Visitor: 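Here it is, the structure in full.
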Number of protein chains: 2
Amino acid sequence: MLNYIILGMTRDAALTGYDIKKHIKNGIGTFYKASYGSLYPLLKKLAEEGYLIVSERPYGNRQKKYYQISAQGESAFYQWLSASMDLNNNIENHLAKVYFFDRLPADIRNRQLQEYEINSINYLRKLYVLEKDYAAMENKECFYYKLSTLYYGIRILQDNIRWCRHIQKKMDLTDFIEEDFL
Amino acid sequence: MLNYIILGMTRDAALTGYDIKKHIKNGIGTFYKASYGSLYPLLKKLAEEGYLIVSERPYGNRQKKYYQISAQGESAFYQWLSASMDLNNNIENHLAKVYFFDRLPADIRNRQLQEYEINSINYLRKLYVLEKDYAAMENKECFYYKLSTLYYGIRILQDNIRWCRHIQKKMDLTDFIEEDFL
DNA sequence: GAGGCCATGTAAACTGTTACATGATTTG
DNA sequence: CAAATCATGTAACAGTTTACATGGCCTC
């Protein structure tokens with residue numbers, strides 16, 4: 001996933017590896033972390049394969065390496081962005097995509113969000129069945145903590161669906177969160 | 001993390017690798033997946049290192065391998081279960097722990113949940129600051145999708161905190177989710 | 001001039017996936 | 001008797017973390 005994040009981050013400006021790390025931390029640090037050990041070798045590889053253009057520029061006594069996305073990189077990035085949002089991919093991948101959704105034309109963007117919503121709904125239905133089965137048991141208390149993780153999952157899916165609907169309609173984001181919490 | 005999940009799953013009965021895979025799928029499949037390629041080699045390793053006891057039993061024309069946790073395994077598992085719930089670990093790790101929380105005495109369990117709650121609160125406060133900064137900008141619409149992932153993060157943290165409080169008090173789990181959703 | 005940040009990398013280890021390979025048992 | 005499921009594994013690859021290593025620039 002880091003490869004696509006790098007491609008997405010280097011569209012508006014040529015950035016150094018260090019810059020990219022900071023952009024990742026500030027932009028999607030809530031749900032994704034990158035280490036230099038993964039970042040630098042990947043930058044080298046992406047440049048070698050033609051997805052990034054490198055330009056070395058002297059800065060004082062130092063050679064800085066600036067990376068920027070190439071046409072080939074743009075194409076690969078766009079393909080990732082518009083690829084199916086099924087639940088085989090993890091939530092972080094979906095969030096990273098949505099982070100870059102302003103790069104997508106409105107119709108494809110909403111098709112993506114609709115697909116994600118539908119997949120989430122289908123999965124939620126399955127969890128509801130599970131929940132019903134467990135609720136019918138007589139010794140539920142014995143499984144309180146085990147069940148609590150199922151309910152956590154249900155809640156997150158409910159949020160996912162709400163979120164999809166919310167941002168499809170471009171509604172005010174402050175209405176998505178609970179106000180006066182804490 | 002899989003090592004601890006295996007240890008936790010093999011306490012109540014001796015299980016085959018195949019059994020463990022199914023237990024994982026049914027129990028925590030919502031947020032964690034294990035492949036045979038990671039499971040079988042790890043079972044072998046955990047047995048060699050003394051965390052699991054193997055017993056081979058013939059079944060028809062077949063030798064089945066049953067794994068069960070050892071005293072050494074119990075100790076390692078308990079250590080993991082009672083280790084700090086800071087936000088360096090990912091959410092899946094926390095959920096897996098809570099899944100096994102009936103193995104922990106009530107006082108340590110609640111200490112763990114309180115720590116998780118406090119860490120989540122501290123992180124949420126940081127995100128509130130970020131949100132405030134962004135809300136003050138005039139060209140917010142340009143960053144709608146980027147911002148949407150921040151609001152998603154805030155919402156999840158709010159849920160986390162609600163969840164911690166909920167299960168600390170052992171409240172009815174059905175009250176944690178939104179009813180009549182969909 | 002010291003401490004903090006900027007900047008680039010490598011090496012070993014760890015963790016896990018995917019695809020392959022094989023064969024027994026059960027069930028309709 | 002075919003298909004599904006049970007059952008155990010390996011090999012190649014992929015992705016990532018952690019710790020190490022180095023040194024320049026900026027600000028107080």
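A quick note: this is a predicted structure, and the numbers were derived from the prediction, not measured. A note on names: the letters A, B, ... follow the listed sequences, proteins ahead of strands, and every chain is numbered from 1. Excluded from the calculations below are hydrogen atoms, water molecules and symmetry mates; all remaining heavy atoms, backbone and side chain alike, are included.
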Visitor: For A:Tyr32 and D:dT16, is the shortest distance between a side-chain N/O and OP1 or OP2 below 4.0 Å?
Guide: yes
Visitor: Which nucleotide wins on minimum distance to the side chain of B:Tyr59, given the candidates D:dC25, D:dT17, C:dT25?
Guide: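 Nearest to the side chain of B:Tyr59 among the choices is C:dT25.
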Visitor: Closest-nucleotide mapping onto DNA chain D: is A:Asn61 or B:Lys44 further toward the 5' terminus? I mean the 5' end.
Guide: B:Lys44
Visitor: For a quick test of reading the model: is some side-chain N or O of A:Tyr18 closer than 4.0 Å to OP1 or OP2 of C:dC6?
Guide: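 For C:dC6, OP1 or OP2 has a side-chain N or O of A:Tyr18 closer than 4.0 Å.
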Visitor: Contact class for B:Lys22 (heavy atom, under 4.0 Å): base, sugar-phosphate, or nothing?
Guide: sugar-phosphate
Visitor: Looking only at side-chain N and O atoms, does B:Tyr145 offer a donor or acceptor that is under 3.5 Å from a partner on A:Arg103?
Guide: no
Visitor: Between C:dT10 atom C1' and A:Leu42 atom CG, what is the distance in whole Å?
Guide: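 Answer to the nearest Å: 15 Å.
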Visitor: Which whole-number value in Å describes the distance from B:Arg57 CZ to C:dA24 P?
Guide: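 For the pair B:Arg57 CZ and C:dA24 P, the rounded distance is 21 Å.
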Visitor: Rounded to the nearest Å, what distance is computed from the CG atom of residue A:Asn89 to the P atom of nucleotide C:dG16?
Guide: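 My rounded result for the distance is 18 Å.
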Visitor: Whole-Å distance between D:dG15 C1' and A:Ile24 CD1?
Guide: 14 Å
Visitor: How long is the line joining CG of B:Leu52 and P of D:dT8, in whole Å?
Guide: 13 Å
Visitor: Hey, does the side chain of A:Lys65 come within less than 4.0 Å of C:dG9's phosphate (OP1/OP2), counting only N and O?
Guide: yes
Visitor: Classify the nucleic acid contact of B:Lys45 as base, sugar-phosphate or nothing, counting any heavy atom under 4.0 Å across all strands shown.
Guide: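 The answer is nothing, as B:Lys45 stays clear of every strand by at least 4.0 Å.
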Visitor: What is the distance, to the nearest angstrom, from the CG atom on B:Asn93 to the C1' atom on C:dC14?
Guide: 15 Å
Visitor: Flag the pair B:Glu74 and B:Arg11 as a salt bridge only when some basic side-chain nitrogen lies within less than 4.0 angstrom of an acidic carboxylate oxygen.
Guide: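 Looking at B:Arg11 together with B:Glu74, the answer is no, because their closest N to O distance does not fall below 4.0 Å.
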Visitor: Is the backbone N or O of A:Ser148 less than 3.5 Å from a side-chain atom of B:Trp163, with the two atoms forming a donor-acceptor pair by type?
Guide: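 Side chain of B:Trp163 to backbone of A:Ser148: a pair is present.
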Visitor: State yes or no: do A:Ile53 and A:Leu46 share one hydrophobic cluster built from I, L, V, M, F, W and Y residues joined by side-chain heavy-atom distances below 4.5 Å, directly or via other members?
Guide: no
Visitor: Is there a ring-ring contact (aromatic ring centres under 6.0 Å, His included) between B:Phe100 and B:Phe77 once you walk through the steps?
Guide: CA-CA 10 Å; B:Phe100 292 116; B:Phe77 178 72; 5.3 Å; yes
Visitor: Check the distance between D:dT5's C1' and B:Lys25's NZ and give it to me in whole angstrom.
Guide: 12 Å
Visitor: I'd like to know if A:Arg62 reaches the base of D:dC25 with its side chain, counting only an N/O donor and acceptor under 3.5 Å.
Guide: no
Visitor: Between A:Tyr66 and A:Gly37, which is nearer to the 5' end of DNA chain C once each is assigned its nearest nucleotide?
Guide: A:Tyr66
Visitor: Counting side-chain heavy atoms from CB outward, which of C:dT18, C:dG9, D:dG9 is closest to B:Tyr36?
Guide: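 For the B:Tyr36 side chain, the nearest candidate turns out to be D:dG9.
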Visitor: Reckon A:Thr16 has a side-chain N or O less than 4.0 Å from the OP1 or OP2 of C:dC6?
Guide: no
Visitor: Between atom CD1 in A:Ile20 and atom P in C:dG9, what is the gap in whole Å?
Guide: 11 Å
Visitor: Using a heavy-atom cut-off of 4.0 Å across all strands, would you classify A:Lys21 as base, sugar-phosphate, or nothing?
Guide: nothing
Visitor: Need to verify one output field. Residue with the more 5' nearest nucleotide on DNA chain D, A:Gly60 or A:Met1?
Guide: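 Nearest-nucleotide comparison on DNA chain D picks A:Met1.
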Visitor: Closest heavy-atom contact between A:Asn3 and A:Leu42?
Guide: N-CD2, 3.6 Å
Visitor: Looking at A:Tyr40, does any N or O in its side chain come under 4.0 Å of the phosphate oxygens OP1/OP2 on C:dA11?
Guide: no
Visitor: Does B:Ser38 have a side-chain nitrogen or oxygen under 4.0 Å from the phosphate oxygens OP1 or OP2 of C:dG16?
Guide: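 Answer is no, no contact under 4.0 Å.
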